[in-house]
Amino acid sequence: MAPKKQTQQRAVVEAAPDIVIITGLSGSGMSSATNAFEDLGYFCVDNLPITMLPTFARLVAASENEKGIERAALVIDIREGSLLADFPKQLEALRAAGLQVYVLFLEASDKVLQHRFSETRRPHPAQKGQVLSNSIRAERSAMKRIRSLADQIIDTSDHTVHTLRAHLVARFSPDKKGAPMRVQVLSFGHKYGSPTNLELMFDVRHLPNPHFVAELRRLSGHDSRVVKFLRAHAEVEETLNRFSDLLDYLLPLYKREGKSYVTVGIGCTGGRHRSVLIANALARRLRQAGFDAQAVHRDVRKDRKR
């Protein structure tokens, strides 16, 4: 059964779903996701009552002559309250009516959600007088059933507004014909934890470490002095060649299987020297090979004073 479901999901995304239901945890990026779908030409509705889904679906299912809505993205979240219990039944009814419905569930770690709410100083929708950590746990529990019905779950803990948008645009663009595969090469430090939502991850802690060279320690893998130091070691070029060869082989296979966006993680100890250089070099090679590739550096600015 599992392979069949994966095939169906891939077909829905490639054809652009009739309705995308954006749901998940408060603070996980649902507003940013909605903005991305608006940019893609989807008719977006925030907090549509679940009881209105059948009525709205008729507008989407209408023929072109009836001037119906071609594609829609709907936000359904904890604000629905007790009506959330009707979601499974309503979802089944939409699909039974022949509509392509894709459920996208966004979440993040408790620590990240608490930080985001603290930054914005907005009250959590499920707060109701309790402390924030308890509100987040209560919402996670309340949304558990909907999460189990999701076609895709995205942990946005390591996403910025921009990377989440790029991720969604690449996956849900109605017209992907001829578009190059998007590849994000993400450098990171293992000591800060491994990123989520990676298709591939390479470890470069086997390479010489500039951290132990006093004059290079405070620099980064962007600096020409660090680049010169690492490039002087034959294993750096060998590692790049082997990683490139593997990606040259794997990425076309990912595209054949319906993926239009791939994230490749490159990890070293602190995410400051080795992983940054390798990520930059790989992104350049991938662009030269015809991929839409960019290097993103999660931890390069951490511990700059050490």
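Scope of the values below: all heavy atoms of this structure, side chains included, with no hydrogens, waters or symmetry mates. Note that the coordinates shown come from a computational prediction; the quantities given were computed from them, not determined experimentally. Position 1 is the first residue of the sequence, and the numbers go up from there.
- When atom types are taken as modelled, the side chain of T23 and the backbone of D77 share no donor-acceptor pair closer than 3.5 angstrom.
- Residue F43 places its CZ atom among 12 or fewer non-hydrogen atoms of other residues, nucleotides or ligands, all under 6.0 Å distant.
- Note: F188 and H190 meet the aromatic proximity criterion, with ring centroids under 6.0 Å apart.
- Ring-centre distance between F172 and Y42: not below the 6.0 Å cut-off.
- Residues V183 and L251 have side chains in contact (heavy-atom distance under 4.5 Å, counting atoms from C-beta outward).
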*Evaluate the side chain to side chain contact (heavy atoms under 4.5 Å, CB included) criterion for residues N280 and H297: first the C-alpha distance (whole Å), next the side-chain angles of each, then the deciding distance (0.1 Å), finally the verdict.*
CA-CA 9 Å; N280 285 337; H297 307 289; 2.9 Å; yes

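- Side-chain atoms of L113 and L25, non-hydrogen and from C-beta on, do get closer than 4.5 Å to each other.
- Of the possible donor and acceptor atoms, one in the side chain of D18 sits under 3.5 Å from a partner among the backbone N and O of Q100.
- In this structure a side-chain-to-backbone donor-acceptor pair under 3.5 Å is present from S157 to S109.
- Residues satisfying the side-chain hydrogen bond (donor to acceptor under 3.5 Å, both in side chains) criterion with H206, sequence neighbours excluded, are T239.
- Remark: F229 pairs with H233 by the ring-ring contact (aromatic ring centres under 6.0 Å, His included) rule, at least two apart or across chains.
- The main-chain N or O of R217 is found under 3.5 Å from a side-chain atom of H273 such that the two form a donor-acceptor pair.
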Using distance only, find each side-chain donor-acceptor pair of residues 282-291 under 3.5 Å and give its atom names and separation, not counting sequence neighbours.
unit_1 : atom_1 : unit_2 : atom_2 : d
R285   : NH1    : N241   : OD1    : 2.9
R285   : NH1    : S244   : OG     : 3.2
R285   : NH2    : E237   : OE2    : 2.9
R285   : NH2    : N241   : OD1    : 3.3
R287   : NH1    : A293   : O      : 3.0

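- The number of heavy atoms from other shown groups lying within 6.0 Å of CZ (R95) is above 12.
- Here H167 pairs with H159, Y261 under the ring-ring contact (aromatic ring centres under 6.0 Å, His included) rule; sequence neighbours left out.
- Under a hydrophobic-cluster definition in which Ile, Leu, Val, Met, Phe, Trp and Tyr are linked whenever side-chain heavy atoms come within less than 4.5 Å, directly or via other members, V264 and V296 are assigned to different clusters.
- Between L200 and L247 the shortest side-chain heavy-atom distance falls below 4.5 Å.
- Within the 4.5 Å cutoff, no side-chain heavy atoms of L186 are placed close to those of I266.
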_Under the criterion side chain to side chain donor-acceptor pair (under 3.5 Å), I'd like the reasoning laid out for T156 against E107: C-alpha separation, chi angles, the key distance, then a yes or no._
CA-CA 6 Å; T156 67; E107 60 183 22; over 6 Å; no

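- Shown here is E92, whose CD atom has no more than 12 heavy atoms of other residues, nucleotides or ligands within 6.0 Å.
- Residue V112 is found outside any hydrophobic cluster, as its side-chain heavy atoms come under 4.5 Å of no other Ile, Leu, Val, Met, Phe, Trp or Tyr.
- Distance alone, capped at 3.5 Å, places no donor-acceptor pair between the R298 side chain and the S187 backbone.
- Contact check for L277 versus V236: side-chain heavy atoms found under the 4.5 Å cut-off.
- If you check the side chains of T163 and Q184, you find no donor sitting under 3.5 Å from an acceptor.
- Salt bridge annotation for D299-K302: present, with a cationic side-chain nitrogen under 4.0 angstrom from a carboxylate oxygen.
- S224 and R231 are not linked by any side-chain donor-acceptor pair at a separation below 3.5 angstrom, with hydrogens and angles left out of the test.
- Each of I78 and L83 belongs to its own hydrophobic cluster when Ile, Leu, Val, Met, Phe, Trp and Tyr are linked at side-chain heavy-atom distances under 4.5 angstrom.
- Linking Ile, Leu, Val, Met, Phe, Trp and Tyr whenever their side-chain heavy atoms come within less than 4.5 Å leaves V161 and V75 in two separate clusters.
- For the pair E80 (side chain) and I50 (backbone), a donor-acceptor distance under 3.5 Å is present.
- At a cut-off of 3.5 Å, with distance as the only test, no side-chain donor of E199 or Y254 sits close to an acceptor on the other residue.
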*Report the C-alpha distance between S28 and F105 in whole Å, list the side-chain angles of each, state the deciding distance to 0.1 Å, and finish with yes or no for side chain to side chain contact (heavy atoms under 4.5 Å, CB included).*
CA-CA 9 Å; S28 62; F105 191 96; over 6 Å; no

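- Put simply, the side chain of V262 does not reach to within 4.5 Å of the side chain of R182, judged on heavy atoms.
- L240 is listed as a side-chain neighbour of I278, based on a closest heavy-atom distance under 4.5 Å.
- Between the side chains of R274 and T269, a donor-acceptor pair is found at a separation under 3.5 Å.
- Under the 4.5 Å side-chain criterion, counting only non-hydrogen atoms from C-beta, L198 is in contact with T263.
- For D223, the side-chain hydrogen bond (donor to acceptor under 3.5 Å, both in side chains) partners two or more places apart in sequence, or in a different chain, are R225.
- Within the 3.5 Å criterion, the main-chain N or O of I19 finds no donor-acceptor partner in the side chain of R71.
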